[in-house]
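Sequence lines set the chain letters: A, B, ... in the order given, protein chains first and strands last, and positions in each chain run from 1. Computed from a prediction, not measured in an experiment: that's the story for all the values here.
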Amino acid sequence: MTEFDNVFKTGYRTGLCGVIIRDYSGKEVVLCGWVSKRRDHGKLIFIDLRDFSGIVQIVFDPSFNMESYEIAKEIRSEYVIQTRGIVKERTSDTINKDIRTGEIEVLASELKILSKSKTPPFLLENREEIDELTRLKYRNIDLRTVEMQRNLRLKSSVMNVTRNYLTSNGFVEIETPILAKSTPEGARDFLVPSRLNPNKFYALPQSPQLFKQILMFSGFDRIFQIARCFRDEDLRADRQPEFTQIDLEMTFVKQEDVMGLIEGLISEIFIKIIGSEINLPFEKLTWLEAMSLYGSDKPDLRFDLKINDISEIFKSSEVKILKDTINNGGVVKCIKVENAGMFSRKDLDDIVSMAKSAGAGGLLWIKVDENCELQSPVSKFLSENEKNNLIRVLSLKVNDLILIVSDKFTTSCSVLGIIRNHLAVKLGLINKDEYKFLWIYDFPLFEFDEKENRYKSVHHAFTMPDENNLEYLKSDPLKVNSLSYDIVLNGTEIGGGSIRINNLELQEQIFKILKVDLERAKDNFGFFLSAMEYGTPPHGGIALGLDRLVMLLGKLKSIREVIAFPKTQSAIDMMTETPSNVDENQLKELYIKLVKFEE
RNA sequence: GGAGCUGUCGUUCAGCGGUUUAGGACACGUGCCUGUCACGCACGAGAUCGAGGGUUCGAAUCCCUUCAGCUCCGCCA
């Protein structure tokens, strides 16, 4: 901050509050800021003056300057003041080691109230204890706290490093429309009525996807955007209806090129902002590996607890559930917990009900007791052979616990994935200071939507299938993998991208499989398909969730902590009270009539 | 759409059928105080107990409904 100190010298002040140290002693300074605290000792008044850089103590002594002392009596918390004074070294017994400016203070010779303040609704120092609702209502004040100053400045730094990095890698920053076209695939759109085109609507972009790609068709080679995206879906701790992506697209690239570039960017962010190196390249897992080993397509690799497949052991088991599952094409999978003596019967019951609510029929546990005997609700059904195989395959020791889920592959994996995360918290396996990045690739191209009875893109409809299994495109689309990749940090998906289709016939074939009929495809994506008719280079890209990334870098528990004016879970901005009613005339101009709202 | 948790002075907590006139701490106001930095001391003001309905002689407290916030499921290509 000190290197910018000069920048903050203005007509009002000589510099910042938080940077004044011993070197300044004897100098006259003029400072501006908010009153953080006033301590009135009758004949002596202390004020903690605050700006974003920190706090400095101002002393008002009537024997030194009566006039400023008198004004200081009127001062209250959060008043904005300007003061002139001499920087004085403190006597050794009055030094405050807790603040950077604690070795000095400013003896005031002038004081001016620039703006008064009502008593603030909450104290800035104990922000963590204040209800979030109150903080969001008075966000103007919440944003003054060191926490919010730090969070938003951190985000700004990440954006700045990103711009520099991408620009120096040949990227062009190009804006694309916010008033864009609605597309039925994907998330729900926010719509904007068009006054000049009655009964027609724009949609706010869910991402600049198609514009990015068209800019590749146009020969820009590499473009990026720090793009605001809008999705009208329900909110979560890490999801807001509008959020920001570092969104980029590159021409003539393979997946490895995009991954390498992003690794470079993340590494740069760590060196410049976190101040530490990060191991490159990141670990890579195929989607299938991630699902079968960790039960998640965004596994947290800060702890191990891998999932084992023990189907082989139970092929002809007496335990009917296990055998039947296997015979029906399912799997038997488990997680082994070592030294699990601490798990009570209640803990195990909790895990069972967790498994059930996650979609499994149930969960079997087996404990190894002191005599190396296997304890379990089903122990009497387990053959000696099965017991021995379990002990051998899983190298079981005294006090080990295994948690078994047998079901369809995806169900048993994802249920154990949820339990894996639960165990890590319970066992305290997570090192909060660690950052574990990884790539997930080789996703399936499609998934089958039971409700709509059709295939859906796992990533999006413009994702390039893996040419190695193109043959299944017609016969068994679920077997086709895609050239797409997600980047995961500590169990959170922070970005995803793909190599895109650059072949019109293939693109139309994909739409056919998605049962987007050609007529509708033309309606929604016609501009894009016809753009593809004029020379489409191979290209690919990725988007990183900026807010999520910054949230994780700052070790924060919600995305709202890195957004200046976020919305509540019901998508309301508490400060501006938005959304709100609009004037009848505004609606008239837009040819919109309100329908009475009913439950 | 569903599940769970929360809602009491400005803030944060206590009170969980009856001497409660709803209590403490911080903040706030007034007075005193020349070395504090979580300043101290004294006095004071401040609450339709989220809202509505019910049970009861009596409800902040029990029941129902509802609203709001948060977490999660569904949803988020």
* **Under 3.5 Å on both distances, the Watson-Crick or G-U partner of B/U19** => none
* Write down the distance separating the C1' atoms in B/A22 and B/C13, rounded off to the nearest Å. => 14 Å
* **B/C49 - base-pair partner by Watson-Crick or wobble geometry, distances under 3.5 Å** => none
* Can you label the angle between the A/Tyr485 ring and the A/Trp439 ring as parallel, tilted or perpendicular, going by 30° and 60°? => perpendicular
Distances under 3.5 Å between nitrogen or oxygen atoms of protein and nucleotides 41-48 of chain B:
none

* Quick one: do A/Lys567 and A/Glu242 make a salt bridge, cutoff under 4.0 Å? -> yes
* Charged N to carboxylate O under 4.0 angstrom, A/Glu74 versus A/Lys116? -> no
List every contact pair, protein side and nucleotides 23-25 of chain B side both N or O, where the distance is under 3.5 Å.
none

* When you measure from the side chain of A/Asp407 to the backbone N and O of A/Ser412, does any donor-acceptor pair fall under 3.5 Å? -> no
* Asked: If you check every side-chain atom of A/Gln569, which of B/A68, B/G35, B/C72 has the closest atom?
  -> B/C72
* **Closest non-hydrogen atom pair between A/Ser36 and A/Arg50, with its separation** => OG-NH1, 3.5 Å
* Asked: Does the ring of A/Phe46 meet both stacking tests against the six-membered base ring of B/U36: centre distance under 5.5 Å and plane angle under 30°?
  -> yes
* Asked: With rounding to whole Å, what would you report as the distance between B/U11 and B/A47 at their P atoms?
  -> 12 Å
* Partners passing ring-ring contact (aromatic ring centres under 6.0 Å, His included) against A/His422 (at least two apart in sequence or in another chain) -> none
* Please measure how far the C1' atom in B/U8 lies from the corresponding atom in B/G40, and state the result in whole Å. => 30 Å
* Structure fact -> Residues of residues 235-242 of chain A with a heavy atom under 4.0 Å from any atom of RNA chain B, listed by number, are A/Arg236, A/Ala237, A/Arg239
* Gap in Å between the two P atoms, one belonging to B/G58 and one to B/U19, rounded -> 15 Å
Pairs under 3.5 angstrom, nitrogen or oxygen only, protein versus nucleotides 32-34 of chain B, please.
from: B/C33; atom 1: N3; to: A/Asp40; atom 2: O; distance (Å): 3.1
from: B/C33; atom 1: N3; to: A/Gly42; atom 2: N; distance (Å): 3.4
from: B/C33; atom 1: N4; to: A/Asp40; atom 2: O; distance (Å): 3.3
from: B/C33; atom 1: N4; to: A/Asp40; atom 2: OD1; distance (Å): 3.3
from: B/C33; atom 1: N4; to: A/Gly42; atom 2: N; distance (Å): 3.3
from: B/U34; atom 1: OP2; to: A/Lys43; atom 2: N; distance (Å): 3.2

* Asked: Would you call A/Asp247-A/Lys212 a salt bridge at under 4.0 Å N-O?
  -> yes
* Rounded interatomic separation in angstrom, taking CG from A/Asp234 and P from B/A3 -> 15 Å
* To do: Could you tell me whether A/Asp142 and A/Arg135 make a salt bridge, using a distance below 4.0 angstrom between a side-chain N and a carboxylate O?
  => yes
* Asked: Looking at RNA chain B, which of residues 125-147 of chain A put a heavy atom within less than 4.0 Å of it?
  -> A/Glu129, A/Ile130, A/Asp131, A/Glu132, A/Leu133
* Looking for any heavy atom pair under 4.0 Å, which part of the strands does A/Val458 touch: base, sugar-phosphate only, or nothing? -> sugar-phosphate
* To do: Check whether any side-chain nitrogen or oxygen of A/Lys118 sits under 4.0 Å from OP1 or OP2 of B/G10, and answer yes or no.
  => no
* Using a heavy-atom cut-off of under 4.0 Å over every strand shown, decide if A/Ser570 touches base, sugar-phosphate, or nothing. => sugar-phosphate
